[in-house]
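To start, the structure under review is shown below, and the notes come after it.
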Amino acid sequence: MGMTQVVTDTVSGVVPVAAPDPVTDVADMVVDVVAAEGALLDRQIPRPRGVITLPPVSPAAPAPAPLPEPVEPPVDSPAVPELPQRRATRSAPTWPTVVLDLVLALGLAVLSVSQGRLELPAALATALAWPPILAVSGRYRRQALGQSRAARAAVVLGAGARTAVLTLAVSPLLWHADPLALATLVAGFTVASGLPFVAGVRRPLPRVVLAGRSRDVREAVAHLRASGTHEVVAVCLSRASKTPVDGDVPVYVGLQASSTAAHDHGADALVVLPGAKLSPAEVRRLHWSLAGLGTELFLGTGLLDVEPQRTRVMSTAGLGVLHVGKPTLRGPRRLVKDLVERVVALGALVLTLPVLAALAVAIRMESPGPAFFRQERIGRDGVPFTMLKLRSMSVDAEEARLALADDNEKDGVLFKIAQDPRITPLGSKLRRYSLDELPQLWNVVRGDMSLVGPRPALPCEVAAYDIDPRRRLVVKPGVTGLWQVSGRSDLTWAESVRLDLKYVENWSLRHDLSILVRTVRAVLGHRGAY
């Protein structure tokens with residue numbers, strides 16, 4: 001009240017009374033007081049943005065015209081340009097596959113009928129049901145991003161299992177048929193449709209558009225081209241860059257043009273890389289704009305070499321998150337791996353003893369010195385151990401290495417020379433077929449090494465390790481590993497470290513079995529063996 005009274009007195013002394021009418025006088029006084037108080041308060045507390053201050057209205061003044069209603073943008077207006085909704089025509093090439101599966105199924109059905117195993121209605125109905133079940137299982141869909149040949153073959157196997165269950169359940173109700181003959185016929189369907197995947201018949205590569213920052217896009221293009229599993233048809237950069245993208249790839253500027261690039265080049269997938277800085281609303285609108293193009297949207301997670309089985313998409317309190325599981329470094333499965341590998345290594349060592357003895361004699365006859373080479377390597381948790389190999393170099397190889405330091409052909413801490421003068425003629429053949437590593441089976445039996453694991457490192461290499469390479473030491477080194485089946489000595493230091501870290505972070509018993517199978521092919525192929 002005190003402040004209002006002061007302002008009232010002040011205004012009364014300044015503003016003259018226009019009329020003796022008391023009602024009008026009181027009304028004018030109240031309006032002036034409110035205006036004056038608003039001016040004083042406005043200097044101390046700023047008004048919120050968007051608030052419109054109306055002029056004071058006296059009773060004698062006419063009512064102001066109403067303010068126009070604000071026009072809001074349409075709710076469904078996307079941040080990216082609208083494109084004509086067209087259905088991609090890339091699904092057309094699946095029809096030959098459907099026809100081929102149907103013809104093969106009918107041929108096998110006729111063969112089964114001609115041999116008297118099944119009656120014509122049962123065989124014909126089973127053959128006609130085969131392509132639809134394959135379609136429901138996903139056999140004729142375009143190759144998904146990152147889908148392996150084994151995963152596509154698993155789709156056919158799943159369809160075969162469903163068909164077998166369906167026919168065995170329905171056949172007693174419709175006709176009499178031998179269950180074993182029906183199961184054999186369905187197995188024939190499965191083998192015939194899955195044979196292209198087993199034989200390695202190439203399908204058209206998924207057409208991909210990459211969107212993100214210039215540096216991220218260039219790295220992604222290099223990785224996808226090196227893998228040979230995807231075709232990058234266009235890139236979309238968040239801003240213009242002076243550094244060109246490798247290869248003759250069309251470049252769009254502005255992430256809003258991502259759907260345009262996918263439309264122009266008939267892309268199967270649009271991959272938005274981490275760092276693109278798209279808001280959740282923009283990602284949603286981008287997804288809407290791809291709806292009629294037959295293009296799938298993929299968002300990069302920023303995770304490095306994390307297998308999908310370790311991840312899970314979750315929603316908590318309305319927030320979508322990606323959960324990353326911990327790697328398996330200890331526990332029962334690791335104990336099973338250790339026990340099985342020791343037993344297998346012991347059996348393999350016993351079987352190869354005659355071969356080791358013959359090779360040891362040949363080494364001694366070729367050059368003076370011991371047949372076995374002992375070298376200190378670093379094992380799990382940084383514990384050193386003595387690794388055994390058949391000697392493939394001259395006796396003074398370690399001393400000669402210092403003189404050859406300038407001839408090193410590898411980067412990082414690796415030391416490799418393709419035409420190493422220290423290697424003996426017999427040693428070259430031993431390395432070519434990885435026979436020099438047979439004595440390491442004894443290291444596996446002792447528990448120093450595993451059959452599958454990271455590359456065993458030298459102490460001088462470990463001394464130069466940065467943070468990331470030290471992660472390799474949390475598990476035992478292996479006789480073979482991803483580094484061996486992916487190129488061995490042809491790999492750079494960075495590639496070797498990345499493969500080892502990928503193995504450590506995503507280890508599983510199935511992964512070990514896969515690497516052992518691939519090792520046989522790598523040894524026979526001799527890639528990087530020097």
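Note that the coordinates shown come from a computational prediction; the quantities given were computed from them, not determined experimentally.
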| task | For side chain to side chain contact (heavy atoms under 4.5 Å, CB included), just list the numbers for Ile363 and Glu366, CA-CA rounded to whole Å, side-chain angles, deciding distance to a tenth of an Å, and then say yes or no. | result | CA-CA 5 Å; Ile363 292 172; Glu366 183 191 43; 5.6 Å; no

Looking only at heavy atoms, what is the nearest atom pair of [X] and [Y], with distance?
X	Y	answer
Ser259	Ser289	CB-OG, 3.3 Å
Ala211	Leu255	CB-CD2, 4.0 Å
Leu286	Leu278	CD2-CD1, 4.3 Å
Ala240	Val253	N-CG1, 3.7 Å
Pro439	Leu435	CD-O, 4.3 Å
Ser193	Asp101	OG-OD1, 3.1 Å

| said: A cation-pi test, strictly: NZ or CZ of Arg498 under 6.0 Å from the centre of the six-membered ring of Trp493 and no more than 45 degrees from its axis. Yes or no? | reply: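 Verdict for Trp493: no cation-pi partner in Arg498.
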
Quick check: do [X] and [Y] have side-chain heavy atoms less than 4.5 Å from each other?
X	Y	value
Val336	Val340	yes
His265	Pro250	yes
Leu441	Thr352	yes
Val475	Arg334	yes
Val221	Val235	yes
Val249	Val233	no
Leu516	Val452	yes
Val232	Leu210	yes

| task | With side chain to side chain contact (heavy atoms under 4.5 Å, CB included) as the test, would you mind laying out the steps for Ser450 and Val479 before giving the verdict? | result | CA-CA 6 Å; Ser450 295; Val479 178; over 6 Å; no

| task | Name all residues meeting the side-chain contact (heavy atoms from CB on, under 4.5 Å) criterion together with Glu307; count only those two or more places apart in sequence or in a different chain, and write none if there are none. | result |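 Testing Glu307 for side-chain contact (heavy atoms from CB on, under 4.5 Å), a comparison that skips the adjacent residues, returns Gln309, Lys502, Asn506.
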
| said: Name the residue from Gln484, Met387, Arg431 that meets the side chain to side chain contact (heavy atoms under 4.5 Å, CB included) definition with Glu437. | reply: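 Exactly one option meets the side chain to side chain contact (heavy atoms under 4.5 Å, CB included) with Glu437, and it is Gln484.
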
| message | With side chain to side chain contact (heavy atoms under 4.5 Å, CB included) as the criterion, how do Leu356 and Leu349 come out once you've worked through the C-alpha distance, each side chain's angles and the decisive distance to 0.1 Å? | response | CA-CA 9 Å; Leu356 282 172; Leu349 186 62; 3.9 Å; yes

| task | From the options Asp338, Asp381, Asp512, select the one residue that forms a salt bridge (Lys or Arg N to Asp or Glu O under 4.0 Å) with Lys476. | result |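 Considering Asp338, Asp381, Asp512, a salt bridge (Lys or Arg N to Asp or Glu O under 4.0 Å) with Lys476 is found only for Asp338.
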
Which distance, rounded to the nearest 0.5 Å, do you find between the [atom1] of [X] and the [atom2] of [Y]?
X	Y	atom1	atom2	answer
Leu438	Lys389	CG	NZ	11.0 Å
Met314	Leu319	CE	CG	10.5 Å
Arg207	Leu270	CZ	CG	13.5 Å
Arg377	Thr386	CZ	OG1	11.0 Å
Tyr252	Thr260	OH	OG1	7.5 Å
Arg342	Leu451	CZ	CG	11.5 Å

Side-chain donor-acceptor contact under 3.5 Å, [X] with [Y]:
X	Y	value
Ser214	Arg218	yes
Arg162	Ser137	yes
Ser367	Arg391	yes

Closer than 3.5 angstrom, by distance alone: can the side chain of [X] be matched with the main-chain N or O of [Y] as a donor-acceptor pair?
X	Y	answer
Glu341	Val444	no
Thr190	Val186	yes
Glu219	Asp216	no
Ser428	Pro425	no
Ser486	Trp483	no
Arg312	Leu322	no
Thr295	Leu290	no

| said: So that I can tick it off, tell me whether Arg471 and Glu505 are bridged by a salt bridge, with the cut-off set at under 4.0 angstrom between side-chain N and carboxylate O. | reply: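 Between Arg471 and Glu505 there is a salt bridge, with a charged N closer than 4.0 Å to a carboxylate O.
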
| Hey, are Arg455 and Glu461 close enough for a salt bridge, meaning a charged N less than 4.0 Å from a carboxylate O? |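 So Arg455 pairs with Glu461 through a salt bridge.
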
| request: Please name all residues satisfying salt bridge (Lys or Arg N to Asp or Glu O under 4.0 Å) with Arg472, sequence neighbours left out, ordered by chain then number. | output: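 Expected list: Asp500.
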
| said: Just to verify, what does Arg446 make a salt bridge (Lys or Arg N to Asp or Glu O under 4.0 Å) with, not counting sequence neighbours? | reply: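 Result, salt bridge (Lys or Arg N to Asp or Glu O under 4.0 Å) vs Arg446: Asp448.
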
| Among Arg310, Arg333, Lys337, which residue meets the side chain to side chain donor-acceptor pair (under 3.5 Å) test with Thr328? |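 The passing option is Arg333.
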
| What orientation do Tyr503 and His511 show, parallel under 30°, tilted 30 to 60°, or perpendicular over 60°? |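 The rings of Tyr503 and His511 sit tilted, inter-plane angle from 30° to 60°.
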
| said: Looking at Arg374, I want to see if its CZ is surrounded by more than 12 non-hydrogen atoms of other residues, nucleotides or ligands under 6.0 Å. | reply: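 12 or below, so no.
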
| From CA spacing to verdict: side chain to side chain contact (heavy atoms under 4.5 Å, CB included), Glu296, Asp268 | CA-CA 6 Å; Glu296 300 291 339; Asp268 297 312; over 6 Å; no

